[in-house]
Amino acid sequence: VEQVAATNEPLLNVEVRAPVPGRGYDGVWLASYYPVRLGDELLGFGIVAQDVTEQKRAEEALKRSEAALRSLLDNTPSLTGVVEMPEDGSDILHVLDNRLTEQVFGVGRGETSGKWVGRDLAGSSETIRAWSAAYAEAKRTGKPVRFAFELAGPEHLNTDGTQWLDVSVSYMGAGDEGRDRYCYTALDDTERRRADEALRASEELTRTIAENSTLALVVMDERGYCTYCNPALLAMTGFDAEEIRSAPLHDLIHHHHPDGRPYPKDDCPLDRALPENFDVRAHEDVFFRKDGSTFLVSCAASPIFRDGRPI
């Protein structure tokens, strides 16, 4: 009122807060103050006030909700956000991204929002094609689409070498200006892929050694059937790969003693090693070929368990 009196000008939309009796919170009003004059004489002041308490409470609740959502996004251990795409898939507009996404693009807080991948963020045409195809598929099927994406190139300024992302995208509905809106999440899958590649390399090396060994190598299941053998065993026995798996291995190559007596499977130390859980070392014996001829062997056997179960 003093300001209006001093300036002789109205003061509009002043936010006024005051406790509301019995409610436990402040009420909020937008008040406008006007000088009331008759000629040169100041008669008083007019006040028009609008109660905006509920509007302000709703705005404050929305701000708290947005802050909670932003905190959730920024603490999510994956690239997460919302984008829009025109129907032709020519570029991708970032609407909302969490901090991990911003770090991948090498920009500061909020600097991906409203930016196009190709036009503003130096995204390659290959990147846009890969992601736009997944987005289009999500819209067409109405289901999330999952794909692997290699994170490399100049648009990803904060990466060290190549990273792999395990990406999932979903269609959200209509966006702004005729664009479609999508959400995405992308987990760093690099270490798992490296581990898988190392495991495959190790398995390939092991298989190469086994396949080229001059020693016969065999894996049998708990029934005594051959589940794997290398070429050396086939060469020694004369059986082919299908025949060697057609019956318990004992019945094919170890069915008799050298003197012609039948050799029960339950008496064979090689077959007892698994059920009785013991190792056989430097065991000398006689095996039979497919044609009935015999040959001397020195062999070993060890049980193999996984999670307490024989494999």
Side-chain angles (χ1 to χ4, degrees), residues 55 58-194 196-197:
Q55 176 185 335
E59 289 174 355
E60 290 167 1
L62 179 60
K63 289 179 181 178
R64 290 193 297 271
S65 177
E66 289 175 346
L69 176 60
R70 169 55 68 179
S71 177
L72 174 64
L73 286 175
D74 285 343
N75 286 282
T76 299
S78 62
L79 282 71
T80 305
V82 176
V83 301
E84 291 182 354
M85 188 177 74
E87 188 175 353
D88 63 6
S90 56
D91 208 343
I92 299 168
L93 178 68
H94 279 255
V95 177
L96 173 68
D97 299 300
N98 69 345
R99 190 69 192 111
L100 279 179
T101 300
E102 294 167 345
Q103 289 172 351
V104 164
F105 281 105
V107 300
R109 169 73 70 186
E111 292 183 10
T112 56
S113 181
K115 301 293 180 62
W116 293 89
V117 172
R119 188 179 69 194
D120 304 316
L121 297 172
S124 67
S125 57
E126 291 80 7
T127 294
I128 295 170
R129 277 197 298 270
W131 286 74
S132 62
Y135 288 135
E137 179 71 7
K139 179 182 179 181
R140 185 184 68 81
T141 62
K143 298 178 180 179
V145 171
R146 188 174 177 182
F147 66 101
F149 179 69
E150 185 178 8
L151 194 64
E155 69 266 38
H156 306 301
L157 302 178
N158 204 38
T159 61
D160 180 15
T162 296
Q163 288 181 281
W164 282 95
L165 299 179
D166 180 9
V167 184
S168 178
V169 301
S170 298
Y171 176 60
M172 298 178 66
D176 294 334
E177 299 181 11
R179 297 184 293 264
D180 292 318
R181 180 166 288 188
Y182 303 87
C183 63
Y184 69 88
T185 60
L187 284 168
D188 188 341
D189 200 34
T190 308
E191 292 307 315
R192 186 195 65 80
R193 278 181 166 264
R194 288 174 179 167
D196 286 349
E197 290 171 1

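Just so it is clear, the model here is predicted, and its values are computed rather than measured. The chain is numbered in sequence order, starting from 1.
- Ser113 contributes a side-chain N or O that, together with a main-chain N or O of Val95, makes up a donor-acceptor pair within less than 3.5 Å.
- For Ala136, there are no side-chain contact (heavy atoms from CB on, under 4.5 Å) partners, not counting sequence neighbours.
- Residues that satisfy the ring pair (Phe, Tyr, Trp, His ring centres under 6.0 Å) test with Tyr135, not counting sequence neighbours, are Tyr182.
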Open item on the list: Set out, in order, the CA-CA distance, both residues' side-chain angles and the distance that settles side-chain contact (heavy atoms from CB on, under 4.5 Å) for Thr101 and His94, then state yes or no.
Closed with: CA-CA 10 Å; Thr101 300; His94 279 255; 4.3 Å; yes
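- The OH atom of Tyr184 sits 10.5 Å away from the CD1 atom of Ile92 when rounded to the nearest 0.5 Å.
- Here the CG-CG distance, from Leu79 to Leu187, works out to 8.5 Å after rounding to the nearest 0.5 Å.
- Within the 3.5 Å criterion, the main-chain N or O of Lys143 finds a donor-acceptor partner in the side chain of Thr141.
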Could you list the donor-acceptor pairs under 3.5 angstrom formed between side-chain atoms of residues 82-89 and any protein atom two or more places apart in sequence or on another chain?
from: Glu84; atom 1: OE1; to: Asp176; atom 2: N; distance (Å): 3.4
from: Glu84; atom 1: OE1; to: Arg179; atom 2: NE; distance (Å): 2.8
from: Glu84; atom 1: OE1; to: Arg179; atom 2: NH2; distance (Å): 3.1
from: Glu84; atom 1: OE2; to: Asp176; atom 2: N; distance (Å): 3.2
from: Glu84; atom 1: OE2; to: Arg181; atom 2: NE; distance (Å): 2.9
from: Glu84; atom 1: OE2; to: Arg181; atom 2: NH2; distance (Å): 2.4
from: Asp88; atom 1: OD1; to: Ser90; atom 2: N; distance (Å): 3.0
from: Asp88; atom 1: OD1; to: Ser90; atom 2: OG; distance (Å): 2.9
from: Asp88; atom 1: OD2; to: Ser90; atom 2: OG; distance (Å): 3.4

Task: Intermediate values then yes/no, side-chain contact (heavy atoms from CB on, under 4.5 Å), Val117 and Trp131 - done: CA-CA 10 Å; Val117 172; Trp131 286 74; over 6 Å; no
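- Side chain of Thr127 to backbone of Gly123: no donor-acceptor contact under 3.5 angstrom is found.
- Sorted by first and then second residue, the salt bridge (charged side-chain N to carboxylate O under 4.0 Å, His left out) pairs with a member in residues 91-100 read Arg99-Glu102; sequence neighbours excluded.
- Taking OG1 of Thr185 as the start and CZ of Arg146 as the end, the distance is 9.0 Å to the nearest 0.5 Å.
- Residues satisfying the salt bridge (charged side-chain N to carboxylate O under 4.0 Å, His left out) criterion with Lys139, sequence neighbours excluded, are Asp180.
- In this structure, Asp196 CG and Trp164 CH2 are separated by 12.5 Å, a value rounded to the nearest 0.5 Å.
- Between Gln163 and Asp188 the shortest side-chain heavy-atom distance falls below 4.5 Å.
- Salt bridge annotation for Asp189-Arg192: present, with a cationic side-chain nitrogen under 4.0 angstrom from a carboxylate oxygen.
- Residues Phe147 and Val169 meet the side-chain proximity criterion, which asks for heavy atoms closer than 4.5 Å.
- For CZ of Arg109, the number of neighbouring non-hydrogen atoms (other residues, nucleotides, ligands) closer than 6.0 Å is greater than 12.
- Sorted by first and then second residue, the salt bridge (charged side-chain N to carboxylate O under 4.0 Å, His left out) pairs involving residues 117-126 (not counting sequence neighbours) are Glu126-Arg129.
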- [ ] List the steps and the verdict of side-chain hydrogen bond (donor to acceptor under 3.5 Å, both in side chains) for Thr76 and Ser78.
- [x] CA-CA 5 Å; Thr76 299; Ser78 62; 5.5 Å; no
